[in-house]
Amino acid sequence: MTDPAATTRTLDAFIAGLPKAELHVHQVGSASPRIVAQLAERHPGTVPADPEALVDYFRFDDFAHFIAIYLSVVELVETAEDVRLLTYEVAREMAGQQVRYAELTVTPYLSVGEKLPAEAFLEAIEDARTSAERDFGVRLRWIFDIPADFGIPAAEATASIALDHDVPGLVGFGIGGSEEGFPRSMFRDQFDRARAHGLGSVPHAGETTGPATVWDAIETLGAQRIEHGISAAQDPDLMAYLAENDITLDVCPTSNVALKVVDDLASHPLPTLVAAGVPVSINTDDPPMFGTDLNGEYAVAARLLDLDETGLARLARAAVDGAFIDETTKTTLRGEIDAYTSEWDVRT
Ligand SMILES: O=c1[nH]cnc2c1ncn2[C@@H]1O[C@H](CO)[C@@H](O)[C@H]1O
């Protein structure tokens, strides 16, 4: 008989060293207690600077409460130096999880303004991007997302920051925040322009509302991947469509429990989606806010999908497949995963 606890320990060790790509992770939502404390010291106010108090502060009643807290952390990112520090330090923590490539969802609309012009914001993230690759070996790319709750003005501003500037590393265009009251089709015009510019379309949909929002994202925004998309599990035709058209869902299991969009991990629809052949990647969303990290999410996925090392390596590869990068970089990332699995003597 194998000892289940020993098996878990082996899988955890495998996950910890597995080279990974992350496709759904928010820039501000990645600020760890260490980073938040640094920012809160610079800008004392509503957000506790004490990492222990932050654990309580990051306990959410529902999605609306989460958005309110999220925006209070956004307020801490005031200057170009705050933006640079946040982004560079997030990459340091990613490197600790063996993340080799990340598409960070950035919401410039919430930070850019009179005090922080778009140019200064963009310079700060570019500085962090090049430093992170040099110092930590983490390749960062950006998805600029519209915060839906702020409506068309936010969509226009986001499109202009993305499309009227030269933004190295920008690969995708998204939309986050609330779904209720903000049909994805509202933002068709900005997505049309972003897509014409060559950006990947990667809206949030099907997190807090049903499969109709996922269809809307596909039909009106030309979604190539979907952030969350978990309510697709309620619609077999939609799952078949996602599978046939190779549309990846960037799933974040612990986030869904923390924001109470699913009751508990045991009832998470991930197994239903995978059984229907829907491509999925595993992600954290806003890791410290949900008390998780990418290794933790891979462990959750292993439990939910009953995966061994081979299955986990396949998950890591699925994220590379869905990434908005060139084939050469994909080949490099796949090579790193393969080299690791052969070290572990894992059949793939
Ligand atoms: O899980 C999530 N769902 C939706 N939006 C999110 C999530 N995590 C972070 N944001 C962020 O919430 C902000 C408020 O509009 C947006 O910046 C969005 O990117």
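The basis for the numbers below is simple: all heavy atoms, side chains too, and nothing from hydrogens, waters or symmetry mates. Atoms within each ligand, like the ligands themselves, are counted from 1 in listed order.
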Donor-acceptor side-chain pairing of [X] and [Y] below 3.5 angstrom:
X	Y	answer
Asp82	Thr79	yes
Glu179	His204	no
Glu180	Thr209	no

Contact check: [X] vs ligand 1, nitrogen or oxygen atoms, below 3.5 angstrom:
X	result
Asp286	yes
Ser255	no
Asp285	yes
Gly177	yes

Quiz item: If you measure from the Lys or Arg side-chain nitrogens to the Asp or Glu carboxylate oxygens, is any gap between Arg84 and Glu89 under 4.0 Å?
Solution: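 No.
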Quiz item: With the threshold set at 4.0 Å, does a side-chain nitrogen-carboxylate oxygen contact exist between Asp189 and Arg193?
Solution: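 Looking at Arg193 together with Asp189, the answer is yes, because their closest N to O distance falls below 4.0 Å.
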Practice problem: Starting from atom 10 (N) of ligand 1, find the nearest protein heavy-atom neighbour and note its residue, name and distance. | Solution: His26 CE1, 3.4 Å
Quiz prompt | Pairwise salt bridge (Lys or Arg N to Asp or Glu O under 4.0 Å) hits with a residue in residues 218-242, at least two apart | solution = Glu103-Arg225, Arg225-Asp250
Ligand-side contact atoms (ligand 1) for residue partner [X], heavy atom cut-off under 4.0 Å:
X	value
Thr107	16 (C), 17 (O), 19 (O)
Asp149	15 (O)
His228	1 (O)
Glu207	1 (O), 2 (C), 3 (N), 4 (C)
Phe66	7 (C), 8 (N), 9 (C)
Pro147	15 (O)

Can you confirm if the aromatic rings of [Y] and [X] lie within a centre distance of less than 6.0 Å?
X	Y	answer
Phe58	Phe66	no
Phe14	Tyr340	yes
Phe173	Phe144	no
Phe187	Phe191	no

Quiz item: Strictly under 4.0 Å, does any heavy atom of Tyr109 approach an atom of ligand 1?
Solution: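 For ligand 1, residue contact (heavy atoms, under 4.0 Å) with Tyr109 is absent.
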Quiz prompt | Side chain, backbone, both or neither: Ile67 near ligand 1, heavy atoms under 4.0 Å | solution = side chain
Exercise. Determine, considering heavy atoms only, which of Asn256, Leu71, Asp145, Leu110 sits nearest to atom 18 (C) of ligand 1.
Key: Asp145
Quiz prompt | From the candidates Tyr70, Phe144, Phe63, the one that places a heavy atom nearest atom 11 (C) of ligand 1 | solution = Tyr70
